[in-house]
Amino acid sequence: MRTVLATVIATAVATTLGGAGLALADSSDPTTAVIALVAHDNHDHDIDLGHKGFSVGDEDLSTAKLTMNGQAYGSIDGVCLATFVTKPTAHELCTQTLDLPNGSLVAVGTVTSSPQGPAPFDWSITGGTGSYADASGFVHVIPGNATVHMTIHVTS
């Protein structure tokens with residue numbers, strides 16, 4: 001479960017308001033973009049801070065490479081904190097920062113996992129820098145073992 005969770009956490013978010021893969025979400029709202037990206041697990045480090053083994057208070061630190069249409073697109077760095085751990089469910093609170101060509105983007109949310117791994121989930125976009133200074137929206141994440149598919153809905 002930790003490997004799947006770490007992969008999801010390491011790869012949870014990415015976006016841009018321009019470039020390949022961009023589609024307007026609603027023709028009446030030209031400031032909303034929908035972008036498809038794939039995150040590829042790069043590095044992760046688990047910090048066992050509570051009871052021995054995966055428990056409340058443990059942290060996952062991670063980084064991943066981002067691609068759009070098979071081309072390198074940036075990276076993501078994040079941390080997740082275990083807030084609830086019991087058999088068979090675990091909850092983690094996560095913050096992710098995406099370094100993208102025109103600035104950075106921040107996403108925050110929770111991941112709930114079972115022995116089969118996490119189900120698809122949504123995270124909130126809480127802001128960013130550069131082209132994303134006024135960004136909001138959400139990220140829909142579909143977890144995987146080595147790659148994670150996501151659909152980003154960004155409003156700026």
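Note that the structure is predicted; figures quoted are calculated from it, not measured. Any value given below was found using the heavy atoms of this structure, including those in side chains, with hydrogens, waters and symmetry copies removed.
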Q) When rounded to the nearest 0.5 angstrom, what distance separates CG in Leu100 from CG in Leu37? A) 8.0 Å
Q. Atom CD of Gln96 and atom OG1 of Thr126: how far apart are they, to the nearest 0.5 Å?
A. 11.0 Å
Q: Could you tell me the separation between the OG1 atom of Thr155 and the CD1 atom of Ile125, rounded to the nearest 0.5 Å?
A: 8.0 Å
Q) Do Asp99 side-chain atoms and Gly74 backbone N/O form a donor-acceptor pair below 3.5 Å? A) no
Q) Is there a path of hydrophobic side-chain contacts, each under 4.5 Å between heavy atoms of I, L, V, M, F, W or Y residues, that connects Phe121 with Val139? A) yes
Q: Determine whether Leu81 and Leu49 fall in the same hydrophobic cluster, where Ile, Leu, Val, Met, Phe, Trp and Tyr are linked whenever their side-chain heavy atoms lie under 4.5 Å apart.
A: no
Q. How far apart are the closest heavy atoms of Pro101 and Tyr73, and which atoms are they?
A. CD-O, 3.4 Å
Q.
Please give me the minimum heavy-atom distance between Val111 and Pro118, naming the atom from each residue.
A. CG1-CB, 3.8 Å
Q: Can you see which heavy atom on Ser55 is nearest to which on Asp58, and at what distance?
A: N-OD2, 2.9 Å
Q. Taking atom types as modelled, is there a side-chain donor on Thr112 or His91 under 3.5 Å from an acceptor on the other?
A. yes
Q.
How close do Ala135 and Leu105 get, counting heavy atoms only, and between which atoms?
A. CB-CD1, 3.7 Å
Q.
Just verifying a value: how many Å separate His40 NE2 and Leu66 CG, rounded to the nearest 0.5 Å?
A. 8.0 Å
Q: Looking only at non-hydrogen atoms, find the nearest pair between Ala39 and Met150 and report the distance.
A: CB-CE, 3.6 Å
Q. With distance as the sole test, does Trp123 use its side chain to make a donor-acceptor pair with the main-chain N or O of Thr110 at under 3.5 Å?
A. yes
(Q) Same cluster or not: Val38 versus Phe138, using hydrophobic residues (I, L, V, M, F, W, Y) connected whenever any side-chain heavy atoms lie under 4.5 Å apart? (A) no
Q: First locate atom OG1 of Thr63, then atom NE2 of His45, and finally report the distance between them rounded to the nearest 0.5 Å.
A: 14.0 Å
Q. Going from SG on Cys80 to CD on Glu59, what distance comes out if it is rounded to the nearest 0.5 angstrom?
A. 9.5 Å
Q.
Testing the basics here: between Ala90 and Phe54, what is the closest heavy-atom pair and its distance to 0.1 Å?
A. CB-CE2, 3.6 Å
Q) Would you say the side-chain atoms of Ser104 and Thr129 include a donor-acceptor pair closer than 3.5 Å? A) yes
